[in-house]
There are 2 protein chains.
Amino acid sequence: MTTIKDIAEKAGVSIGTVDRVIHKRGRVSEETIRAVEKAIRDLNYTPNIFARRLKLAKPVTFGVLMPTMDQDSGYWRLPAAGIKKAKTELACHQVDVRFFHFDRYRPASFSRAFEAMLETDLDGLLIAPVLASLSAKLTARIPPERPYVFFDSTIPGSACLSCTIQDSYQSGMLSARLLNLLCGGIGTLAALRMAPDDYHINERVRGFQHYFSGGLSSGFVIYETDNARDRKSLKRLFRTIIEEHSGLRGIFITNAQTFLFARFLEEEGLAGAIHVIGYDLIQENIDCLKNGSIDFLISQQSDNQGYQGLYTLFRRVVLNEAVEKEIFMPIEIITRENIDYYQQQWSAHV
Amino acid sequence: MTTIKDIAEKAGVSIGTVDRVIHKRGRVSEETIRAVEKAIRDLNYTPNIFARRLKLAKPVTFGVLMPTMDQDSGYWRLPAAGIKKAKTELACHQVDVRFFHFDRYRPASFSRAFEAMLETDLDGLLIAPVLASLSAKLTARIPPERPYVFFDSTIPGSACLSCTIQDSYQSGMLSARLLNLLCGGIGTLAALRMAPDDYHINERVRGFQHYFSGGLSSGFVIYETDNARDRKSLKRLFRTIIEEHSGLRGIFITNAQTFLFARFLEEEGLAGAIHVIGYDLIQENIDCLKNGSIDFLISQQSDNQGYQGLYTLFRRVVLNEAVEKEIFMPIEIITRENIDYYQQQWSAHV
DNA sequence: GTATTTTGCGTTAACGTTAACGCACCACCC
DNA sequence: GGGTGGTGCGTTAACGTTAACGCAAAATAC
């Protein structure tokens, strides 16, 4: 392995000069810079990250802004598990994490949490920008030297270091295809848009609709509700859906609350008669998947999104590496046959 | 962060003694050992891996034993891509990799490659034990101090450091369910056992059969061939299959050669009329998936298996960490809708 | 009794990188 | 000509861990 000592020797300078060239700290003549850069290329030098980290080690703290864990039927426990796994792994690098939770159904709560985070001395921010327009306004106030990363969703055009991208439109198309398969192309299909102002959920429905735009199937209907937290009224909606469409063969639920419909079907003795496809590997959904009241779940690795997000901050802030601006998440199809192999890697960190 | 210096101070000894205790190098009195161990616990000491790696850095070379890349329709390029990705990432740790390829259809070739590898001075071995009984015999000859890891498959009861596990039986069941869905429960289904003496392929067929053991479907038939490399005779077999079963609606191909049947169907104008499910994300399969002549592909992350295998050796040999004895691979369902998000991460290393 | 080995411990020089410090030298200004 | 400021470089002390080395004192051998 070549070291800066080798570079210094080859270029006929001291290691101090080599370091100044590498880190562009100035106070080196043009001529010397060229000589050192040539030596670096010729000897194919790469810095020893261990020596670097040994020298530079200093504790960093990252802030995480996300809804409280119990919201959206516990969906937020998934990214939180990934974040905690990353935190555990990065503890040896003196990385610490502070959570700032908010109530995603109250903008004021979001603003308060954001302000609290901005006022804390943090080395990087990991943000779930669930309230899009408010997030855009508030992220603009982040000091330009403080790096931030989005997870779960993103704000187009923002100055974020990196973000995770889920192709929700495509996942909606995939869901449509699977649901159509399950129903054998006959009967009515339904889609339930759970939070009509959520970007991902709209994209999922758009993809779902597009699959059928060629007229592949018999009819389908779309319901929506922004009242997903009130389980009583949700149940009334469920009943309306099955009563208005006696020929209903399958339904597409667009968020983690899929299990609520599946359980409703169980209670009504309709499990299996109406096929269900939904989103996210929360425990309630997994249980329904295993007992057969949910046929397929789509996962976009919410846990991994949190994990990757924190690691991205680490790589940028601590290791000073270049990072990918966009991290694409796979669209995973989960069934009772393969679920066991998806659960294990994050389960230790719930 | 606490260092051995802190430990030494607290225990009233020198850092040399602390190091002797930590690494059990002897020459320390019982009493001192206890004092140091207590200090380590009290101060919650963890070694600084950067200082350690800086001090201990020395180049290591790992050997990889696997079939030549072009065998099995290029299947082996997948794990090779993962291994190369790991190699690139680990280059900064002075990890080098040497490949030992063999012809998996000639036991003598396997033995020769194995012997060549054993005679080389290597710090660890990564082995694809495709010829099970021969592998068992030869791995017994690996010196006990030399660590080895299996990928792609494993040999039960061997002294390997670690191995990747694919649940082939379960993936066969999943394939059966998907194929049954595609065909709407009518018509005849077929399974083609491509290499009857391969463990994984047998398990896949067993799982497939088991799914239908409850009598869920109309009939299904199982064909087999050990002549998968002769494309002419394979084509004759394909023709026999479709001629013997005019009501054939779907087929399950049990290895990476799925695209051969899909292309045959294309030539015969039967693409879409007979549904196809198969294995592995080789380029030919991906092309057929995209044009619709393959409906689903099952992936057990062959690329990731190679990647994980090399990383496991690295963690054990270089970082001296404890490693998982078994690494379970997910059973991934790939369709034309989600394939794009599975290709990217390894594609740079083919 | 002296000679030799063993035990128990402290000291020290690396490993490669970083950045503070200092020292010559030159340019410029009153 | 003396002072000030800047430029271009070399030197050096860390960072935490490791293991070779050395040195007393105790144990064993003859």
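Residue numbering restarts at 1 for every chain, and letters A, B, ... go by the order of the sequence lines.
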Test item: side-chain donor near acceptor, B:Y75 and B:D70, under 3.5 Å: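 Short answer, no.
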Letter per nucleotide, 5' to 3', of nucleotides 15-28 of chain D [B base touched, S only sugar-phosphate touched, - untouched; heavy atoms, 4.0 Å]: BBBBB---------
Spatial distance of atom CE (B:M69) from atom NE2 (B:H101) [nearest 0.5 Å]: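 Interatomic distance, B:M69 CE to B:H101 NE2, rounded to 0.5 Å: 5.5 Å.
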Presence of A:T32 side-chain N/O under 4.0 Å of D:dG8 phosphate oxygens OP1/OP2: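 Answer no for this pair, as no side-chain N or O of A:T32 is under 4.0 Å from OP1 or OP2.
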Side-chain donor-acceptor pair present, A:Y307, A:Q301, cut-off under 3.5 Å: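 No donor-acceptor contact under 3.5 Å links the two side chains.
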salt_bridge(A:E115, A:R141) N-O dist < 4.0 Å: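 So A:E115 pairs with A:R141 through a salt bridge.
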Under-4.0 Å side-chain N/O to phosphate OP1/OP2 contact, A:S29 with D:dC9: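 Looking at the OP1 and OP2 atoms of D:dC9, one of them is under 4.0 Å from a side-chain N or O of A:S29.
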B:F50 and A:F50 aromatic ring geometry - parallel, tilted or perpendicular at 30°/60° bounds: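 Tilted.
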Between P of C:dT7 and CD of B:E30, the distance in whole Å: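 Roughly 13 Å, once rounded to whole Å.
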Pair A:D167-B:Y341, side-chain donor/acceptor within less than 3.5 Å: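 Indeed, the side chains of A:D167 and B:Y341 share at least one donor-acceptor pair under 3.5 Å.
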Side-chain N or O of B:T17 closer than 4.0 Å to phosphate OP1/OP2 of C:dG8: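 No, B:T17 has no side-chain N/O under 4.0 Å of OP1/OP2 on C:dG8.
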